[in-house]
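Sequential numbering from 1 along the given sequence is applied to the chain's residues.
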Amino acid sequence: METSDRMIDGSRRLLLVAAAIAAILGVWGGAAAGSASVNGQAPAFRWLHPRPAPSGWKVARLPSGAATFAYPRTWRPIRTDPGTASVALIGRGRSIRGYLNATPRQGTETLANWPSFRIQHLREEESSKDVRLIASAHGLGFRSGRGSCVIDSYRTSRTRYREIACLVAGARTSSVLVGAAPSRTWTQQAETIERAISSLRTD
């Protein structure tokens with residue numbers, strides 16, 4: 001269940017350019033790093049409004065068919081780890097300006113432990129440094145279930161990233177969706193990433 005350096009590096013073999021995608025500092029007013037375990041009304045997650053894909057967007061699907069999410073036509077699928085679905089907005093020099101990745105639940109992650117699980121997971125990655133938890137929330141409503149989400153940031157050898165990572169439990173399966181971008185492009189990509197996350201459906 002790698003997103004960040006591993007998942008984007010799943011394009012790591014194809015798109016080494018992006019070394020990690022997943023986390024970046026501050027969009028909520030430059031909020032200081034820290035944990036804010038909150039409920040579904042958390043200010044940091046008020047953008048989450050579960051709804052179908054906007055007109056003209058494409059739909060990405062896990063190979064298993066267990067989860068789908070929408071993304072703009074200007075983004076395109078990229079190859080990452082087997083069993084996952086990833087799309088990216090590619091810039092000059094094949095740099096990744098924005099990234100979305102869906103992954104089936106694969107380990108011991110649960111809705112209850114998701115914030116600590118995700119942050120620990122990032123800290124165990126050799127390519128991610130200075131990992132910071134910015135906000136977290138439990139009991140968030142999605143189109144087909146409930147979820148827990150984190151907002152975090154970390155630095156790689158290339159740059160700092162910001163990510164939103166959500167674990168969502170449906171009736172039969174649980175899936176993770178991560179949206180990320182480099183800090184320098186986060187303000188341009190945040191609305192698209194948030195809209196894509198709001199479109200997630202999991203069985």
Quick one, [X] and [Y] - any side-chain contact, counting heavy atoms below 4.5 Å?
X    : Y    : result
K129 : S157 : no
V176 : Q106 : no
R51  : R195 : yes
R143 : P52  : yes
R160 : W186 : no

Under the disulfide bond (SG atoms under 2.5 Å apart) rule, what pairs show up with a residue in [range], not counting sequence neighbours?
range           : value
residues 43-123 : none
residues 57-131 : none
residues 69-127 : none
residues 57-93  : none

So which heavy atom on [X] is nearest to which on [Y], and how close?
X    : Y    : result
P77  : V87  : CA-CG1, 3.9 Å
S136 : V150 : CB-CG1, 4.0 Å
S86  : Y99  : OG-OH, 3.6 Å
I164 : W47  : CD1-CZ2, 3.8 Å
R184 : T159 : NH1-OG1, 3.6 Å
L89  : T74  : CD1-O, 3.5 Å

Got a sec, which residues hit side chain to side chain donor-acceptor pair (under 3.5 Å) with Q188, two or more places apart in sequence or on another chain? none
Excluding sequence neighbours, so at least two apart, what forms side chain to side chain donor-acceptor pair (under 3.5 Å) with E191? none
Side-chain donor-acceptor pair present, N113, T110, cut-off under 3.5 Å: yes
What's the separation between atom [atom1] in [X] and atom [atom2] in [Y], rounded to the nearest 0.5 Å?
X    : Y    : atom1 : atom2 : answer
R155 : R132 : CZ    : CZ    : 8.5 Å
L177 : L200 : CG    : CG    : 5.0 Å
R118 : R123 : CZ    : CZ    : 12.5 Å
L100 : Q189 : CG    : CD    : 9.5 Å
I90  : R97  : CD1   : CZ    : 10.0 Å

Closer than 3.5 angstrom, by distance alone: can the side chain of [X] be matched with the main-chain N or O of [Y] as a donor-acceptor pair?
X    : Y    : value
S199 : A70  : yes
H138 : L111 : yes
S174 : R105 : no

Identify all side-chain donor-acceptor contacts of residues 166-173 below 3.5 Å with residues at least two apart in sequence or on another chain.
unit_1 : atom_1 : unit_2 : atom_2 : d
T173   : OG1    : T202   : OG1    : 3.4
T173   : OG1    : D203   : O      : 3.0

Name all residues meeting the side chain to side chain contact (heavy atoms under 4.5 Å, CB included) criterion together with T108; count only those two or more places apart in sequence or in a different chain, and write none if there are none. F117
Side chains of residues 53-66: which donor-acceptor partners sit under 3.5 Å, not counting sequence neighbours?
unit_1 : atom_1 : unit_2 : atom_2 : d
S64    : OG     : A66    : N      : 3.3

Side chain to side chain contact (heavy atoms under 4.5 Å, CB included) between F142 and L48: does it pass, once the steps are laid out? CA-CA 8 Å; F142 283 80; L48 181 60; 3.8 Å; yes
